[in-house]
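All ligand and atom numbering here is 1-based and tracks the order in the structure. Just so it is clear, the values below take in all heavy atoms, side chains as well, and ignore hydrogens, waters and symmetry mates.
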Amino acid sequence: MALLVLKFGGTSVADVDRIRNAAFHVKREVEAGHACAVVVSAMAGHTNQLVALVDQAWGFKERRKQNDAEASAQYDGREYDAVVSSGEQVTSGLLALVLQSLGMRARSWQGWQIPLQTDGAHRAARITGVAVNELKARMLEGEVAVVAGFQGVAPGNRISTLGRGGSDTSAVALAAALQADRCDIYTDVDGVYTTDPRVVPKAHRLAKISYEEMLEMASQGAKVLQTRSVELAMQKGVRVLVRSSFAAPGLAGKGDAANGLGTLVCHEDEIVEQNVVSGIAYARDEAKVTLLKVADKPGVAAQVFCPLAEANINVDMIVQNVSDDGRHTDLTFTVQSADLDRALEVLRKAKDSIGYLDLRGSTDIAKVSAIGVGMRSHAGVAAQMFSALAEKGINIEAISTSEIKISVLIDAAYAELAVRTLHSLFGLDSR
Ligand code: ASP
Ligand code: MG
């Protein structure tokens with residue numbers, strides 16, 4: 001007998017038929033003799049509707065129009081959480097009912113009933129503890145625990161939520177607390193791919209991926225798992241299997257991980273055959289900012305980046321050239337597209353203290369990254385990558401690297417070509 005956590009995302013519980021389908025996956029595991037906890041998201045789209053209601057109640061749009069300073073200050077996060085957490089309450093009750101209708105013992109658990117404790121950072125709270133004693137005892141007696149994801153209880157006994165996409169994190173935290181054998185994340189794709197299959201039809205599903213690579217893939221736009229859930233899984237050593245709930249439940253037999261279904265996210269030691277590069281990620285949601293002719297002297301970078309940090313704008317890649325006259329240089333960096341206007345505004349305001357000739361912003365760029373833990377022990381990956389892009393006539397505007405990742409900034413028009421080129425270059429095309 002194994003202890004399993006199964007998590008079903010919004011599309012996997014989108015209506016009662018889908019919930020029934022999820023229940024069959026649970027039934028299969030129960031019949032195999034496993035003790036199961038099931039974490040559910042809200043029905044697809046439901047959380048967005050709830051957020052829209054909160055916006056409406058708070059008159060968010062009108063306030064923004066009137067340029068009310070408070071509009072950007074958030075509404076009472078405790079009430080936001082009280083409203084948006086309710087989607088998961090609905091699906092947990094519905095799944096428990098369906099399981100019962102299929103002859104299984106099951107009950108729903110809200111975050112506060114477990115309790116799953118969080119800090120007081122409403123709307124994006126962090127989990128501080130999960131008390132699983134009673135829940136686990138009942139699981140071991142054969143009762144399926146159906147847990148509302150995304151929610152917990154904050155100090156002061158108020159309902160909290162874990163940030164959008166947070167039910168992945170609920171599932172991993174629960175798996176860690178239960179010391180579960182595995183945490184299965186059921187979703188609408190059958191695993192993690194070497195790159196986006198819509199861009200590269202030859203992309204293939206990875207049987208295994210390391211936590212670190214998954215973190216890079218997730219933050220690069222492969223939106224399969226909430227980043228925080230992967231960090232937590234890595235920290236606690238929770239083995240996470242990403243798999244499809246859409247495959248017929250009856251067909252997916254016992255020991256799916258062993259049968260090669262889905263993608264197992266695990267420690268790299270568990271991965272025997274490791275490619276140098278495991279995946280190619282791309283992101284189009286970054287924007288480029290260039291400051292022309294800034295003074296080439298100590299302190300200037302601080303004058304540029306401190307006001308951006310104060311405005312809570314995240315900077316990703318940074319390139320600064322050496323100046324030919326020893327006095328002036330150009331500085332280029334990237335921010336999220338959504339932050340571009342604010343970044344330009346901040347820099348315009350700081351023009352006198354920074355001192356630059358001109359300021360430019362553009363969103364016609366894409367970031368393409370090669371990711372793989374194998375890079376740690378292989379030289380020349382960057383050189384190979386740059387040559388291949390050059391051969392296709394793709395100009396590189398900026399580069400950033402980490403131990404297991406090389407990212408280049410290029411013209412958005414070449415994003416797909418670059419992804420395809422690198423996917424073949426590193427031997428990832430399926431045969
Ligand atoms: N329902 C929440 C959301 O849409 C949490 C989740 O689905 O993970 O963000
Ligand atoms: Mg999700």
Q) Within less than 4.0 angstrom of ligand 1, does Gly165 place any heavy atom? A) yes
(Q) For Leu3, run the side chain to side chain contact (heavy atoms under 4.5 Å, CB included) check against Gln179, Lys136, His34 and tell me which one passes. (A) Lys136
Q.
I want to check a possible cation-pi pair here: Arg239 against Tyr211, using under 6.0 Å from ring centre and within 45° of the ring axis as the test.
A. no
Q: Please work out whether any backbone atom (N, CA, C, O) or any side-chain heavy atom from C-beta onward of His46 is under 4.0 Å from ligand 1, and answer side chain, backbone, both or neither.
A: neither
Q: If the plane angle is over 60° it's perpendicular, under 30° parallel, otherwise tilted; pick one for Phe333 and Phe305.
A: perpendicular
(Q) Any non-hydrogen side-chain atom of Ile406 less than 4.5 Å from a side-chain atom of Phe386? (A) yes
Q: Considering heavy atoms of the protein only, find what lies nearest to atom 1 (N) of ligand 1 and give residue, atom and distance to 0.1 Å.
A: Glu88 OE2, 2.6 Å
Q.
Please list the nearest protein heavy atom to atom 3 (C) of ligand 1 with its residue and the distance rounded to 0.1 Å.
A. Arg164 NE, 3.2 Å
Q) After noting the C-alpha distance and the side-chain angles of Gln226 and Ser229, does the key distance pass the side-chain hydrogen bond (donor to acceptor under 3.5 Å, both in side chains) rule? A) CA-CA 5 Å; Gln226 195 197 32; Ser229 70; 5.3 Å; no
Q | For Val130 against Ala177, the heavy-atom pair lying closest together | A | CB-CB, 3.8 Å
Q | Protein contact of atom 7 (O) of ligand 1 - nearest heavy atom, named by residue and atom, plus distance | A | Ser41 OG, 3.1 Å
(Q) So is Gly166 touching ligand 1 or not, going by heavy atoms under 4.0 Å? (A) yes
**Q.** Closest protein heavy atom (residue, atom, distance) for atom 6 (C) of ligand 1
**A.** Ser167 OG, 3.0 Å
